[in-house]
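Only one structure is covered here, and it is reproduced in the block below.
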Amino acid sequence: MSTASPASPASGPVNAPQPAFPTEDSGASRRRLPGDLAVWFFILAELLAFAVFFLSYAFARARDVALFNASQLTLDLNAGAINTLLLVTSSWFVVRAIQAVKRDDKAGGVRWLAAAMLGGFGFLVVKVFEYAAKFDAGITLSTNTFYMFYISLTFFHFMHVILGLVILGVLLANTWRGAYGRDAYHVLESGGAYWHMVDLLWIILFPLVYVMR
Amino acid sequence: MSYYTAANRAWILLLLATGLTWWLGESGMAESASVPAAFLMLGLALVKGVLVIYDFMELRHAPRMWKLLIVGWLAFVLSMIALAYWTGLR
C-alpha cells in the first residue's frame, strides 16, 4: 500500500495513518484541487475555446447533413480509434508517474512519464500519416465545409498534443533531476491535468467528427 | 476505493468504451441505426469524460465548484451536440 497518499480520501482513519510531515491538505478541508489553481483557469479557457469549435461543427453539420456524412466516409476510423487508445493510455501513464513520485519512486516516475510521451508521439505519427493521405488526395481547408472543420479542428488539437509533449518533456527532465517527491508534486499534477485535458477533448472529437452519422 | 485502483479501473473502462464506439462505426451500426448509435456514442463520451475528470484529473474529491465547472462543461457540450444532431434530423 502507498504510505503517504494525501489524495486518497477514500481510506478511513484506521488504515490511513497521518503522515509525519505536513501536507497541503492536512488542514481543515479534505477536498483538494490537484496542482496549481492557475492551471485550472487556463484549462477552463481552453475548454471554452474548444466548446465553441465543437458546437460550430455540430450546428454546421445540422445544416448540411448529407455533405458531412458523405465526406466523413473518407476519414480513417481505425486511425481515430487507435489515437483514442494512445491518448487514453498515455493519460493513465501520467497518473502512474504521479503515483510513483508520491512514493518517492523517482525511477518509476521517469519510466511512466517516458511511456506517456511515447503514447503522445504515437498519436502525432498516426495523425501525420492521416493528414498526408488527405493532402495526397488533394483535400484542403477549402474543399468543403466538412474538411474545413476536420482539418482545423484536428490541427488545433494536434498543436495541443505538441504543447502537452513539451510539458511532459520538462516534467520528465525535472523528475530525472529529482526535483519532485512526496512533498513536491504540485507541478507534476498541474502538467498532468493539462495532458488529461488534451485526452478529454479527443474523447469528444473522435465520435463527433469520425463516427456519428 | 483508492485513487490507485480507481485510475486503473478508469483506464480499462476507457479502452472498452473506445472499442465500443469504434465498433459502432466499423459494423455499420452508426449508419444503419444512426440515431440510437449517435446517442449511445454521446452517452459513452459522457462516461469516458467523467472517468477522465474524476479518476485521471483527480477531481472526484476536488472542491465542488471545480468539479461542477468541468463536468458541467462536458455535459453542456454533449447536450448541445445532441441538440444539433436532433435539429439535423428534420
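The figures that follow rest on heavy atoms only: side chains count, while hydrogens, waters and symmetry mates do not. Source: prediction; values computed, not measured. So you know, we letter chains A, B, ... as the sequences are listed, proteins then strands, and number each from 1.
For Y57(A), no part lies near chain B; criterion is any non-hydrogen pair under 4.5 Å. Only the side chain of L201(A) comes within contact range of chain B, judged by heavy atoms closer than 4.5 Å. Using a 4.5 Å cut-off between heavy atoms, A51(A) contacts chain B through both its backbone and its side chain. The part of V65(A) that comes within reach of chain B is its side chain, from C-beta onward, which places non-hydrogen atoms under 4.5 angstrom from that chain. Contact of I53(B) with chain A is made through the side chain alone, with heavy-atom distances under 4.5 Å. At a 4.5 Å heavy-atom cutoff, the contact between L74(B) and chain A is made by side-chain atoms alone. Using a 4.5 Å cut-off between heavy atoms, L55(A) touches chain B through its side chain atoms alone. Within the 4.5 angstrom heavy-atom criterion, no atom of F39(B) approaches chain A. A30(B) touches chain A through backbone and side chain together, each having a heavy atom under 4.5 Å away. Heavy-atom distances place both the backbone and the side chain of N78(A) under 4.5 Å from chain B. Using a 4.5 Å cut-off between heavy atoms, V77(B) touches chain A through backbone and side chain atoms alike. No part of L89(B) comes within reach of chain A, as not one of its non-hydrogen atoms sits under 4.5 angstrom from that chain.
In plain terms, the two heavy atoms of P34(A) and M57(B) that are nearest each other are CG-O, 3.3 Å. The shortest heavy-atom contact between P207(A) and T21(B) is CB-CG2, 4.2 Å. Across every non-hydrogen atom of M212(A) and Y85(B), the tightest pair is CE-CD1, 3.5 Å. Heavy-atom minimum distance, P63(B) versus L33(A): CD-N, 3.6 Å. Closest approach of W22(B) and L77(A) over heavy atoms only: O-CD2, 3.7 Å. Residues A7(B) and W92(A) come closest through the heavy atom pair O-CD1, 3.5 Å.
When each of G19(B), A38(B), A62(B) is checked for heavy-atom pairs under 4.5 Å with chain A, A62(B) comes out on top. Highest contact tally toward chain A, considering only L44(B), L59(B), L46(B), is held by L59(B) [criterion: heavy-atom pairs under 4.5 Å]. Comparing L83(B), L14(B), L78(B) by heavy-atom pairs within less than 4.5 Å of chain A, the highest count is held by L14(B). Interface summary for chain A: among T87(B), V35(B), V52(B), the most heavy-atom pairs under 4.5 angstrom belong to V52(B).
If you take CZ on F206(A) and CE on M41(B), they are separated by 8.5 Å, rounding to the nearest 0.5 Å. Taking CZ from R96(A) and CG from N8(B), the interatomic distance works out to 5.0 Å, rounded to the nearest 0.5 Å. Rounded to the nearest 0.5 angstrom, L200(A) CG and K48(B) NZ are separated by 10.5 Å. Annotation: the span from L42(B) atom CG to L208(A) atom CG amounts to 8.0 Å, rounded to 0.5 Å. In this structure, the separation between CG on L51(B) and NE2 on H196(A) is 12.5 Å, given to the nearest 0.5 Å. Summarising the geometry, atom CD1 belonging to I43(A) is positioned 12.0 Å from atom CG belonging to L69(B); distances are rounded to the nearest 0.5 Å.
Using modelled atom types, no side-chain atom of H61(B) and backbone atom of R31(A) make a donor-acceptor pair closer than 3.5 Å. Counting only distance, with no hydrogens or angles, the side chain of Y210(A) and the backbone of G25(B) share no donor-acceptor pair below 3.5 Å. The closest donor-acceptor contact from the side chain of W73(B) to the backbone of L44(A) lies at 3.5 Å or more, if one exists at all.
The aromatic ring centroids of F41(A) and W66(B) lie less than 6.0 Å from each other.
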For F54(A) and M80(B), run side chain to side chain contact (heavy atoms under 4.5 Å, CB included): C-alpha distance rounded to whole Å, both residues' side-chain angles, the deciding distance at 0.1 Å, then the answer. CA-CA 9 Å; F54(A) 289 151; M80(B) 292 306 281; over 6 Å; no
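Around atom CZ of F129(A), no more than 12 heavy atoms belonging to other residues, nucleotides or ligands sit under 6.0 Å away.
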